[in-house]
4 protein chains.
Amino acid sequence: MVRSSNERSRRRRDAQRDLILRAAARLFRDRGVADTGMREIAAAADLSPANLYYYFKGKDEILFYCQDRALDSMLAAVAGAKRGRGSVAARLDGVLRTHVSTLLGEVDGASAHLLVDALPPPLRVRIVAKRDRYERAVRGLVAAGVRSGEFATASPALVTRAMLGALNMTVLWFRPDGAASATDVGRELAQYLVRGLHIHSAA
Amino acid sequence: MVRSSNERSRRRRDAQRDLILRAAARLFRDRGVADTGMREIAAAADLSPANLYYYFKGKDEILFYCQDRALDSMLAAVAGAKRGRGSVAARLDGVLRTHVSTLLGEVDGASAHLLVDALPPPLRVRIVAKRDRYERAVRGLVAAGVRSGEFATASPALVTRAMLGALNMTVLWFRPDGAASATDVGRELAQYLVRGLHIHSAA
Amino acid sequence: MVRSSNERSRRRRDAQRDLILRAAARLFRDRGVADTGMREIAAAADLSPANLYYYFKGKDEILFYCQDRALDSMLAAVAGAKRGRGSVAARLDGVLRTHVSTLLGEVDGASAHLLVDALPPPLRVRIVAKRDRYERAVRGLVAAGVRSGEFATASPALVTRAMLGALNMTVLWFRPDGAASATDVGRELAQYLVRGLHIHSAA
Amino acid sequence: MVRSSNERSRRRRDAQRDLILRAAARLFRDRGVADTGMREIAAAADLSPANLYYYFKGKDEILFYCQDRALDSMLAAVAGAKRGRGSVAARLDGVLRTHVSTLLGEVDGASAHLLVDALPPPLRVRIVAKRDRYERAVRGLVAAGVRSGEFATASPALVTRAMLGALNMTVLWFRPDGAASATDVGRELAQYLVRGLHIHSAA
DNA sequence: TATGAATGAGATTTCATTCAT
DNA sequence: TATGAATGAAATCTCATTCAT
């Protein structure tokens, strides 16, 4: 009985945390970290500002988990791609599309690369480490394509950053009510960015 | 005599303004707008905080001119490319390289796309207008390549944003003391981003 | 329970707002608006400066409510006088005495006419409108006396302003610990100012 | 030669001081002391802000002389009235009219009673002393009328303050381009305020 | 769990005044 | 005499965070 009561309350707590993180991620993405106050997060999550501190240590921790969850989703995609079959191009294409839908979607919605600098050092190093892990995985996919003869690039590291940069910047202009859906945007961008890696005749 | 005194003092004033803008642009780029206080700008420019207000109306105006100057430099490059001869690819390549060197260089050093949201509406509309003018010009170059048969893309608008996004994100990771110089970065990125526009066999 | 908690907290909040307004009105009256800082208001209300902003949007709003409440009190008096019986002179006398006790009293204590210019335009128009409504009502009383044959004046508007001006200036010299009480002052001034309206033999 | 050069320069200096005082008085009256900056005074006097300090020690001294000169003008009028012949009523009427034209006129234009509190103590006591001298003189005129049987009032001090208060408040609403000229306003107000002192039948 | 109230630290900005020329 | 440039002090206000309940 006590056990189940604890579990029920833990579940409720987790649900609240989730709710807060979604609300915060959306605000961070739409208005920027600096322009999003705890009061606004609280209002969006239908809580009092003070009550946020029962669920999170502070604004930094909220920001941290926003990015952490987004990176987890991206890491899962790239891990799947690594194990997957099919051409490297097709697998990379999938990773990039997931990246965009993670950024622009309603579920996670925190741009992992843009907000890192807003974190205080102790938390930042953890996000940077995870972000680097993700970046390395993507770069590994690019390099695999080069090894397999599908791709040609002199600088996989730079090109990887370019790809991710192009994707991350979408949060600054994407509007859910626009002509192109998040899926559309992901498809088009992935196509363009992967195409630039292919070997082709024209220099 | 009076004339020369006026001119000399105007020149000094302009020089100070320039100095302040350089210092501010560097700080905005390196630490973010929100985390850069007037105190820090003043310290970087070797002035008292109050003295900044002799040269600029406030922080917003400083930020405005940072972006305005960067955009002027980029607009000049794209205007030159429009009139230029040679393949569209080569001209676009030049525009993108100038974009990177403007962003990362010591001279202008303000990331034109990232900071727009930090401006108050009256100034923001002016920067957004100029930024859009630049974006349209780049998009026009892409479209020209499509018309001439050099390029193939289904969505010039999206691709243009991807290109510029990839370039703008460099300010988040570029370090002047790193292995690759700003010129190197510009060259490699431009090559990759233009390559993705070319017609080629593989899908 | 929730209901009563809400009510109790609303009551506490209103009480604090009232306390702050009293403290501020007294300072504004005694030292002038410009020379009264938020720190001083906070100290007088036994709060931290930052805490004032929990109750009011800013200094302007505090000033606004000071004047607004004083005008409400004056308007109530003049409305009562309009409906009242007895000679116009007696009723006008009552209005003027209330005016003085409102200005000099501990309850409201904001000089309604002197401080208007310190308000920013959006708030100023609202106070000016209310002040004008009050002034028109007093002038109406004067005009009624003229119509009834009690008073004689060539310019009710000017005379009304003179009366109110004479009353408002009391805040500049009245001291609560002086020989004359606020009531005394009101009585004497009202008598003098009404007397000037009466028809009499000497020119 | 040296002598005449000194005199010429002293004359120019005095002329500049006069110009500055006029400009300042007008601004103080129209916008309030707190809202009038040295930069504005300088602009109105066609000088650089720094140059004001050649002619005056600072803002306080400018304010001091504004009030000092206005009081001198008023004192002259009341001194003349004291020595004058005719009814006390007529002489008091003249004093009040001069008071108004001093306040509202282009020549002096500083309201002596409203601005006293903006002065620092050392200067304030001097103005207060002079202002009190003026007030006493006016009160003396009132008392003389009582003694001569022209006037009836129980409290000459209070009534004098009421009269001066009514006059001083004109600066808050008088507009030179309005229907009534400064002379009109002075005439009407003096008439009303003196009338209240007269003995008459109605109570 | 939840919240109304409170606060310290720090932000931008203003302004009378001064200084070097 | 005159001024462009500089500054210290103080103002209002914001905000993440905490405390008492």
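Sequence lines set the chain letters: A, B, ... in the order given, protein chains first and strands last, and positions in each chain run from 1. Reckoned from all heavy atoms, side chains included, excluding hydrogens, waters and symmetry mates.
- Note that the OG1 atom of C:T36 and the CG atom of C:L63 stand 10.0 Å from one another [nearest 0.5 Å].
- Map D:K59 and B:A50 each onto its nearest nucleotide of DNA chain E; the residue landing nearer the 5' end is B:A50.
- Between B:I62 atom CD1 and E:dT13 atom P there is a gap of 9 Å when expressed in whole angstrom units.
- Distance noted for atom P between F:dT21 and E:dT1: 22 Å (whole Å).
- Looking at the side chain of D:Y54, the nearest of the listed nucleotides E:dA2, F:dT1, F:dA2 is F:dT1.
- When Watson-Crick and G-U wobble pairs are counted only if both distances are under 3.5 Å, F:dT7 pairs with E:dA16.
- Atom P of nucleotide E:dT1 and atom CZ of A:R11 are separated by 13 Å, given to the nearest angstrom.
- Mapping C:Q16 and B:D60 onto DNA chain E by nearest heavy atom places C:Q16 closer to the 5' end of the strand.
- Across the protein-nucleic acid pair, A:R39 atom CZ and E:dT3 atom C1' stand 13 Å apart, rounded to whole Å.
- The distance from atom OH of B:Y53 to atom P of F:dA5 is 18 Å, rounded to the nearest whole Å.
- Between D:L52 atom CG and F:dT1 atom P the separation is 15 Å, expressed in whole Å.
- Interatomic distance, CG of C:L172 versus CG of C:D30, reported as 10.5 Å (0.5 Å rounding).
- Annotation: of the two residues near DNA chain F, C:G58 and B:D46, the 5′-most nearest-nucleotide partner is B:D46.
- Residue-environment remark: CZ (C:R13) exceeds the threshold of 12 foreign heavy atoms within 6.0 Å.
- The nearest whole Å value for the distance from the CG atom in A:N51 to the P atom in E:dA5 is 16 Å.
- Straight-line distance from the CZ atom of A:F56 to the P atom of F:dT17: 13 Å, rounded to whole Å.
- Using a 4.0 Å cut-off between charged nitrogen and carboxylate oxygen, D:D72 and D:K130 count as a salt-bridge pair.
- Counting to the nearest Å, the C1' atom of F:dG4 and the CZ atom of B:R13 are 9 Å from each other.
- Nucleotide E:dT21 is matched to F:dA2 when pairs are restricted to Watson-Crick or G-U wobble geometry with both distances under 3.5 angstrom.
- Nearest nucleotide to the side chain of C:S48, out of E:dT7, E:dT1, F:dA2: E:dT7.
- Applying side chain to side chain contact (heavy atoms under 4.5 Å, CB included) to B:I20 and the options B:D46, B:N51, B:I62 leaves one that passes, B:I62.
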